[in-house]
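Accompanying notes for the structure given below.
Note that ligands are numbered from 1 as they come in the structure, with each ligand's atoms numbered from 1 the same way. Computed from a predicted model, the values in this text were never measured in an experiment. These values consider heavy atoms only, across backbone and side chains, with no hydrogens, waters or symmetry-generated copies.
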Amino acid sequence: MLILHGLTIKSFHEGLISKQFSTFEIIKEFFDYIEEHDKKIGAYLSLHKDKALLQANNIDRGIAGGEEFGNLAGVPLAIKDNILIEGFRATAASKILKHYSAAYDATVIKKLKNSNAIFLGKTNMDEFACGSSTENSGFQITKNPHDLGRVPGGSSGGSAASIAGNMAIGALGSDTGGSIREPASFCGVVGLKPTYGTVSRYGLMAMASSLDQIGPLTKTVEDAAILFNAIKGKDEFDATSVDYAYSDDLLNPKLEKIKTLKIGVPREYFVGGLAHEVQSALDEARKSLESLGIEFKEISLPHSKYALSAYYIIMPAEVSSNFSRFDGVRYSRGDMTTGRASTGSVNNSALTNIYFKTRGEGFGAEVRRRIMLGTYVLSSGYYDAYYAKAQKIRRLIKEDFDRAFEEVDVIFSPVAPTTAFKIGEKTKDPLQMYLSDIFTIPVNLAGLPAISIPVHSTLNNNGMSSPVTPHTSHSTPHTSLPIGFQLIGKYFGEADILGIGTFYERIHANLV
Ligand code: GLN
């Protein structure tokens, strides 16, 4: 087995510092592996090989010269294609941005560059992050590395598959209604959606601005903490970003403290509709957490049942407004092959024609559906009946969480009602697809932090991660698809959910 298969951020750093390997060797190995194996998976939309190898060499030279490096130096990361890296293509998996190159770095990218992390490339996603399976990409379908006949989840499916498929050590995704956590659950990796405002959204292509957050996907919870720590912080370019002083517990959780946390189990989340394998995996996870000495308590989140309906009004409203900037004039040039529809010479009616044609041809069906829904719920006469009402429900959902957090410190729930579904299984029925996010959406509406952790953690007792063995048959049923459980924290409670997750993994690896 190649060494890169078991690497975590932590073990990569240790190996690099103790000179077990060079950065160049590992980065080169990753590209060789990606070039051979990503043909089957389809996790990446573009690769940044030349730049990455150059950076790797620079780090190795620095190490040889005695320079000190932090724990992200040289770490190969995959970045979701809606996050800007200056000079590289950024399409958000939309044909309308097929030839768009980013003019500047997103703040998270700037921060990771300062930490000397290396970007392997940009990952596939549902177009503009609208979807739960990565099947809405304008370019390709990403397969689940655990079973090539199934979806990796979405919309950050390429990022999750790149890690599960041993094609990156860590990744960034974005989460508006579950897009980090659901693919993390389906691919057996860790995915963290931070508190709204903790991570700058500057340079993230906006989907629904009041819900969007960037966050890490990694093999272990400890790695998620490292990556989150590197990207968080107030940013003058994002007015919604906040300054919050996280304690040292974020990176060094203490078991004595973790044991005193109380976990709430929402009565409404464990009812019909949950696949039995998900239910039994969650029972198992709960038992492990109880064995750490953590107390569980039943709680109620009565308005959660309206979350999906409120989300599918608020989100499209913001989508319709955010996506109006993609008009074929800005962010693209020339004829349709380069983004804009060709309509002949430009005069007034031709201009309107450009908009119609470019947007009609450039956006996929799901994005168009959301733009139309959003335009409708914001139109005069319907605004109060839909949008204003949905905002009130959003408030009630937030208040449910506020009440619950007076009794408990963390909430335990499923991430998704099922395991990864088959490619094509839900594409004909958008409502079925929307249901995948029933447990993740309330968290975005409230702005809380939440993490998806694989019930069967891949961390092993030598501090490495056990690699995935791909299942290639499309027909035989797969009995061991990954399942994640979700921990929801209080506002800025990342240290609690990451801390519990870290010890959960350690029990599994016999490290506690
Ligand atoms: N799957 C949800 C949707 O389609 C969430 C998407 C996301 O989090 N970006 O809206």
Side-chain angles (χ1 to χ4, degrees), residues 79-83 92-94 123-138 142 151-160 171-187 191-194 196 199 201 204-217 307-320 322-323 363-374 377 390 394 414-418 420-421 425-427 429-452 484 486:
I79 307 294
K80 189 174 180 179
D81 206 31
N82 57 354
I83 299 173
S94 181
T123 54
N124 194 29
M125 53 188 282
D126 287 296
E127 183 177 10
F128 287 113
C130 296
S132 310
S133 66
T134 312
E135 291 165 295
N136 294 338
S137 165
T142 299
V151 302
S155 63
S156 313
S159 285
L172 290 186
S174 64
D175 191 312
T176 304
S179 277
I180 290 176
R181 291 160 287 158
E182 186 242 20
S185 178
F186 284 8
C187 288
L192 172 72
K193 186 221 95 80
Y196 184 76
V199 177
R201 292 179 293 108
L204 167 71
M205 291 182 205
M207 177 185 163
S209 310
S210 76
L211 302 157
D212 299 341
Q213 266 295 276
I214 296 175
L217 292 111
L308 208 59
S309 316
Y311 175 83
Y312 274 95
I313 288 173
I314 294 167
M315 174 275 295
E318 296 186 26
V319 156
S320 70
N322 276 327
F323 294 2
F363 286 135
E366 182 60 27
V367 169
R368 278 182 281 142
R369 175 166 23 243
R370 293 181 189 209
I371 292 173
M372 285 190 277
L373 265 176
V377 300
R394 182 176 192 173
V415 176
T418 63
F421 41 89
E425 192 179 324
K426 301 196 178 182
T427 37
D429 186 350
L431 283 181
Q432 271 306 313
M433 188 74 91
Y434 296 170
L435 279 171
S436 318
D437 304 304
I438 196 154
F439 301 119
T440 48
I441 279 173
V443 168
N444 298 72
L445 288 171
L448 295 164
I451 191 168
S452 170
Q486 177 170 234

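- In terms of polar-atom proximity, G177 is counted as a contact of ligand 1, with an N or O under 3.5 Å from an N or O of the ligand.
- Atoms of ligand 1 lying under 4.0 Å from at least one heavy atom of Y312, given by number and element, are 3 (C), 4 (O), 10 (O).
- Contacts with ligand 1 closer than 4.0 Å are made by side-chain heavy atoms of S155 only, the backbone lying farther away.
- For ligand 1, the polar-atom distance check against D175 finds no nitrogen or oxygen pair separated by under 3.5 Å.
- Between the N322 side chain and the M207 main chain, a donor and an acceptor come within less than 3.5 Å of each other.
- Rounding to the nearest 0.5 angstrom, the gap separating the OG1 atom in T176 from the CE atom in M315 is 8.5 Å.
- Between S179 and ligand 1, at least one N/O pair is under 3.5 Å apart.
- Contacts between M433 and ligand 1 below 4.0 angstrom, taking non-hydrogen atoms only, are absent altogether.
- With a heavy-atom cut-off of 4.0 Å, F128 does not touch ligand 1 at all.
- Atom OG of residue S452 and atom CD1 of residue I180 lie 10.5 Å apart, to the nearest 0.5 angstrom.
- At a heavy-atom cutoff of 4.0 Å, ligand 1 is contacted by no atom of Y434, backbone or side chain.
- The shortest N or O to N or O distance between C130 and ligand 1 is not under 3.5 Å.
- Of all non-hydrogen atoms in S209 and Y196, the two that sit nearest each other are O-OH, 2.6 Å.
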Q | Full working for side chain to side chain donor-acceptor pair (under 3.5 Å) between K80 and S159 | A | CA-CA 6 Å; K80 189 174 180 179; S159 285; over 6 Å; no
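- Applying the side-chain hydrogen bond (donor to acceptor under 3.5 Å, both in side chains) test between R181 and each of T440, D437, D175 identifies D175 as the sole match.
- Set against the non-hydrogen atoms of D437, the atoms of ligand 1 under 4.0 Å away are 1 (N), 2 (C).
- For atom 5 (C) of ligand 1, the closest non-hydrogen atom of the protein is Y311 OH, 3.4 Å.
- Counting atoms of ligand 1 from 1 in the listed order, those under 4.0 Å from a heavy atom of M207 are 9 (N), 10 (O).
- Relative orientation of the Y312 and Y434 rings is parallel, given thresholds of 30° and 60° on the angle between their planes.
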Q: Check the pair Y311 / L211 against side-chain contact (heavy atoms from CB on, under 4.5 Å), numbers first and verdict last.
A: CA-CA 10 Å; Y311 175 83; L211 302 157; 3.8 Å; yes
Q: Apply side-chain contact (heavy atoms from CB on, under 4.5 Å) to the pair R370 and F363, showing each step before the final yes or no.
A: CA-CA 11 Å; R370 293 181 189 209; F363 286 135; over 6 Å; no
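- The distance criterion of under 3.5 Å between nitrogen or oxygen atoms is met by G131 with respect to ligand 1.
- By the criterion of a heavy-atom distance under 4.0 Å, the side chain of R370, and not its backbone, is placed next to ligand 1.
- Here T176 has heavy atoms under 4.0 Å from ligand 1 in both its backbone and its side chain.
- At least one N or O atom of A129 sits closer than 3.5 Å to an N or O atom of ligand 1.
- Closest non-hydrogen pair, S156 versus S179, comes out as OG-O, 2.8 Å.
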